[in-house]
Enquirer: 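Here it is, the structure in full.
Side-chain atoms are counted along with the backbone in the values below, which use heavy atoms only and exclude waters and symmetry mates. Every chain is numbered from 1 and lettered A, B, ... according to where its sequence line falls, protein lines coming before strand lines.
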Number of protein chains: 2
Amino acid sequence: MKAKLEDVAKLAGVSPTTVSRMMNNRGYVSEATKTKVRSAMEELNYFPNDIARSLFNKRTNLIGLILPTTANPFFGELTFHIENLCAAHGLKVLLCNSLNRIDKEEQYAEMLMRNQVDGIIVGTHNRGILNYKRANLAVVAIDRYLSETIPVVSSDNYEGGRLATQRLIDRGCRYILHFNGPAELETPAQLRRQAFEDIMQQQGLPHDTYEMELPLDREDQLAVIRRALDEHPEVDGIFASNDMIAASVIYEAGNRGMSIPDDLKVVGYDGTAVTSSLMPQLTTIRQPIEAIANTAITMLLREIEGEFDDTARQIVLPVELYEGTTA
Amino acid sequence: MKAKLEDVAKLAGVSPTTVSRMMNNRGYVSEATKTKVRSAMEELNYFPNDIARSLFNKRTNLIGLILPTTANPFFGELTFHIENLCAAHGLKVLLCNSLNRIDKEEQYAEMLMRNQVDGIIVGTHNRGILNYKRANLAVVAIDRYLSETIPVVSSDNYEGGRLATQRLIDRGCRYILHFNGPAELETPAQLRRQAFEDIMQQQGLPHDTYEMELPLDREDQLAVIRRALDEHPEVDGIFASNDMIAASVIYEAGNRGMSIPDDLKVVGYDGTAVTSSLMPQLTTIRQPIEAIANTAITMLLREIEGEFDDTARQIVLPVELYEGTTA
DNA sequence: CTGAAAGCGCTTACAG
DNA sequence: CTGAAAGCGCTTACAG
């Protein structure tokens, strides 16, 4: 069986209190005793039971991470950075892929509460949020408005939308289509669409926006893209709200014998490392993924420690245009 | 404060024992009592503390997942499927991105033991494995040999290597280079290399293998690729052990004015959904990611339940060639 | 410098 | 059908 603190104490000939004190560096323990205890730990191959400690401490150092799916490179990279930073802060990550499904989000929210997580980072719609409030849990949202009191970390979506749209116009596009997720008020990502529509309207240029539920598999994306291209044969520019969609647009354009960027210019969104590897030619808006992760963790830790600064309800990080050859 | 079982009991006018019995559907509780308890739970917005339950039950329903990084699409997708299946089985996933670094692997291994996980799925080298054994923990490896007793799930790497190599030869390649991770005996992925070298030797064709430490950032990969292309100007085919490397090869070939597939043919490896979206033209070997996840979970559950079937030490799943236009 | 006791929030024999 | 007691593996006042 697994050794427990009591076994260590017995073997070392001291009380459990003393062993506990040693592990936590609390109170005085003589050098002689320390040595005895340490060798007892070695001998028994002892590891403290963090479950028992958590129960007493009312602090698990566990955080929940809810996002649509790590299969999407943006979230896969975000997850990597978040988990990495957590590990550096002694936090452990319980991963939840909700696929943006409300039923899953609710199940996960309950699961996290039962597991006494110290905080939650949410990158999904999440209606279960009401429950968090009651539990008065630390929560940080990424690119989502969840409630008045939950801080939001996002990149500058309006600026991203503006940069993408302007790039297409500068390159001579006069008829641009935009692909985005469903119009929902809760996410700042809608600002990309808003920027697009604002600018096109200002310039008096024809445009249209198509919505697709995310995550969507490739075939479904292609169906929307085909319809859009069919409905707008004059199109000469596309602003896609993520790089996968942009890639599918380019693929479908190829099927139709359109050449990129001559016949059609395409700008994507996210600009992950994976995109840089697999599609270095794609012009896209780069989100500062690591900075988003960093900011989210920092805010969450502040909330957990109770030093939450009420003024910083929303943090917006800069994006940049990556100039590929597709636009 | 958070309500606890005792609060529910008091409000319902019963003993904690009865409330516990209800939650666990154990023993008899009268309908009348059930109703009282249920409404008390509602009123207090009660959620059981799984930490406390775990302490008693010696079962956390927590599993650890150690892999290089979810930022790599293969692992991002694998993680998605594993977590998803775990959720369906009532298991929770503690995520660990080790970057194949031994120090991190060891830290994570200890962390997981302290947290009393019921089992671990390992997709990284992991020397910390010795400790698992002592803790006599359920472990399943993905594409890694960890020890005699730890079952391994992998796809058919030799066949994958064979398919890739044969494809290149069939398309007329006579001088093929292979890019792979460092030659280490612990991973079945070395069989890809072996298949490549076996076939090339059989056919008496010139070939060479270059190793790169993974995960490697794009610039470092490109450096190896440039060196390889410089050293072998006669090369007409490349078999890369993952799709990111294949993409970088194609990129560098473009820089050199080589046209794909006329001057150089390229086959990748992994064939993730992300690759299908971003690089549908890439000829690659598709690993059955969801099946790998499924098999790993099934085996781990069996180990946890103690019904481990000793005969199934290694499970090899079929791969397939996806025929793109790069080879 | 060290230990006995109580308690973290649950569950499970054991009684009744 | 229901409850009092002990215990899961720790930690922390409180004594000494």
Side-chain angles (χ1 to χ4, degrees), chain A residues 1-38 40-41 44-62 90 110-118 135 137, chain B residues 1-38 40-41 44-62 110-118 135:
Chain A
M1 271 320 294
K2 240 175 266 183
K4 50 190 179 184
L5 185 142
E6 201 189 322
D7 302 323
V8 175
K10 265 188 197 141
L11 184 61
V14 299
S15 75
T17 310
T18 300
V19 178
S20 170
R21 246 190 306 253
M22 266 201 56
M23 296 198 325
N24 298 288
N25 275 317
R26 225 183 291 287
Y28 307 89
V29 182
S30 73
E31 264 315 318
T33 314
K34 278 186 185 166
T35 313
K36 275 190 302 181
V37 172
R38 260 193 288 264
M41 284 181 173
L44 296 173
N45 194 238
Y46 173 73
F47 289 101
N49 181 330
D50 275 350
I51 295 289
R53 301 175 106 177
S54 297
L55 183 57
F56 188 93
N57 294 327
K58 288 157 178 272
R59 168 105 189 221
T60 54
N61 290 314
L62 224 43
E110 180 174 333
M111 179 277 274
L112 294 174
M113 293 185 54
R114 286 169 172 253
N115 282 276
Q116 315 299 118
V117 295
D118 294 336
L137 208 53
Chain B
M1 269 318 294
K2 240 175 267 183
K4 51 189 179 183
L5 185 141
E6 202 190 321
D7 302 322
V8 174
K10 265 187 197 140
L11 184 60
V14 298
S15 74
T17 310
T18 301
V19 178
S20 171
R21 245 188 309 250
M22 266 201 55
M23 297 198 326
N24 297 290
N25 276 316
R26 226 184 291 288
Y28 307 87
V29 181
S30 73
E31 263 316 317
T33 315
K34 278 187 186 166
T35 312
K36 275 191 301 183
V37 172
R38 262 193 287 265
M41 285 181 170
L44 296 173
N45 196 238
Y46 173 73
F47 289 101
N49 182 330
D50 275 351
I51 295 289
R53 301 176 104 177
S54 298
L55 182 57
F56 188 94
N57 294 327
K58 290 160 176 268
R59 168 103 190 225
T60 53
N61 291 313
L62 226 43
E110 180 175 334
M111 180 277 274
L112 293 174
M113 291 184 55
R114 286 168 171 254
N115 282 275
Q116 317 298 118
V117 294
D118 294 335

Enquirer: Under 4.0 Å from OP1 or OP2 of dG9(D): is there any side-chain N or O of Lys58(B) that close?
Expert: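 Yes, within the criterion.
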Enquirer: Could you list the residues that satisfy side chain to side chain contact (heavy atoms under 4.5 Å, CB included) with Thr33(B), not counting sequence neighbours?
Expert: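 Residues passing side chain to side chain contact (heavy atoms under 4.5 Å, CB included) with Thr33(B): Val14(B), Thr18(B), Val29(B), Ser30(B), Val37(B).
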Enquirer: Just jot down the side chain to side chain contact (heavy atoms under 4.5 Å, CB included) partners of Asp50(A), sequence neighbours excluded, or say none.
Expert: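 Expected list: Arg53(A), Lys92(A), Arg114(B), Asn115(B).
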Enquirer: Identify, with sequence neighbours excluded, every residue that meets salt bridge (charged side-chain N to carboxylate O under 4.0 Å, His left out) alongside Lys58(A).
Expert: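 Scan of Lys58(A) (salt bridge (charged side-chain N to carboxylate O under 4.0 Å, His left out), adjacent residues dropped) gives none.
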Enquirer: Quick check: closest heavy atoms across Tyr46(B) and Lys4(B), and the distance to 0.1 Å?
Expert: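 Distance-wise, the nearest heavy atoms are CE1-C, 3.4 Å.
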Enquirer: What residues form a salt bridge (charged side-chain N to carboxylate O under 4.0 Å, His left out) with Lys10(B), not counting sequence neighbours?
Expert: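 For Lys10(B), the residues satisfying salt bridge (charged side-chain N to carboxylate O under 4.0 Å, His left out) (neighbours in sequence not counted) are Glu6(B).
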Enquirer: According to salt bridge (charged side-chain N to carboxylate O under 4.0 Å, His left out), who are the partners of Arg59(B), at least two apart in sequence or on a separate chain?
Expert: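 In terms of salt bridge (charged side-chain N to carboxylate O under 4.0 Å, His left out), with neighbours along the sequence ignored, Arg59(B) is linked to Asp118(B), Glu305(B).
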Enquirer: Could you go through nucleotides 10-14 of chain C and list every protein N or O atom that sits under 3.5 Å from one of its N or O atoms, giving the distance for each pair?
Expert:
from: dC10(C); atom 1: OP1; to: Tyr46(B); atom 2: OH; distance (Å): 2.9
from: dC10(C); atom 1: OP1; to: Asn49(B); atom 2: N; distance (Å): 3.3
from: dC10(C); atom 1: OP2; to: Leu5(B); atom 2: N; distance (Å): 2.7
from: dC10(C); atom 1: O5'; to: Tyr46(B); atom 2: OH; distance (Å): 3.4
from: dT11(C); atom 1: OP1; to: Asn24(B); atom 2: OD1; distance (Å): 3.4
from: dT11(C); atom 1: OP1; to: Asn24(B); atom 2: ND2; distance (Å): 3.0
from: dT11(C); atom 1: OP1; to: Arg53(B); atom 2: NE; distance (Å): 2.7
from: dT11(C); atom 1: OP1; to: Arg53(B); atom 2: NH2; distance (Å): 3.1
from: dT11(C); atom 1: OP2; to: Ser20(B); atom 2: OG; distance (Å): 2.6
from: dT12(C); atom 1: OP1; to: Arg26(B); atom 2: NH2; distance (Å): 3.3
from: dT12(C); atom 1: OP2; to: Arg26(B); atom 2: NE; distance (Å): 3.0

Enquirer: For Leu11(A), what residues pass the side chain to side chain contact (heavy atoms under 4.5 Å, CB included) criterion, not counting sequence neighbours?
Expert: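 Leu11(A) satisfies side chain to side chain contact (heavy atoms under 4.5 Å, CB included) with Ala40(A), Glu43(A), Leu44(A) once adjacent residues are dropped.
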Enquirer: Ignoring backbone atoms, test whether Ser15(A) places a side-chain nitrogen or oxygen under 4.0 Å from the OP1 or OP2 oxygen of dA4(C).
Expert: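 Answer no for this pair, as no side-chain N or O of Ser15(A) is under 4.0 Å from OP1 or OP2.
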Enquirer: Return one dot-bracket line describing DNA chain D 5' to 3' (Watson-Crick or G-U wobble pairs, both distances under 3.5 Å; ( ) same strand, [ ] crossing, | another strand, . none).
Expert: |||.||||||||.|||
Enquirer: Sequence neighbours left out, what passes side chain to side chain contact (heavy atoms under 4.5 Å, CB included) with Ser20(A)? Give chain and number order.
Expert: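 By the side chain to side chain contact (heavy atoms under 4.5 Å, CB included) rule, Ser20(A) matches Leu5(A), Asn24(A).
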Enquirer: What is the nucleic acid contact for Ser54(B), judged by heavy atoms within less than 4.0 Å: base, sugar-phosphate only, or nothing?
Expert: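 No contact.
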Enquirer: Calculate the interatomic distance between Glu31(A) atom CD and dC1(C) atom P; express it in whole Å.
Expert: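 Going from CD in Glu31(A) over to P in dC1(C) covers 10 Å.
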Enquirer: Can you tell me which nucleotide in dC1(D), dT2(C), dG3(D) comes closest to the side chain of Thr18(B)?
Expert: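 Closest of the options to the side chain of Thr18(B): dG3(D).
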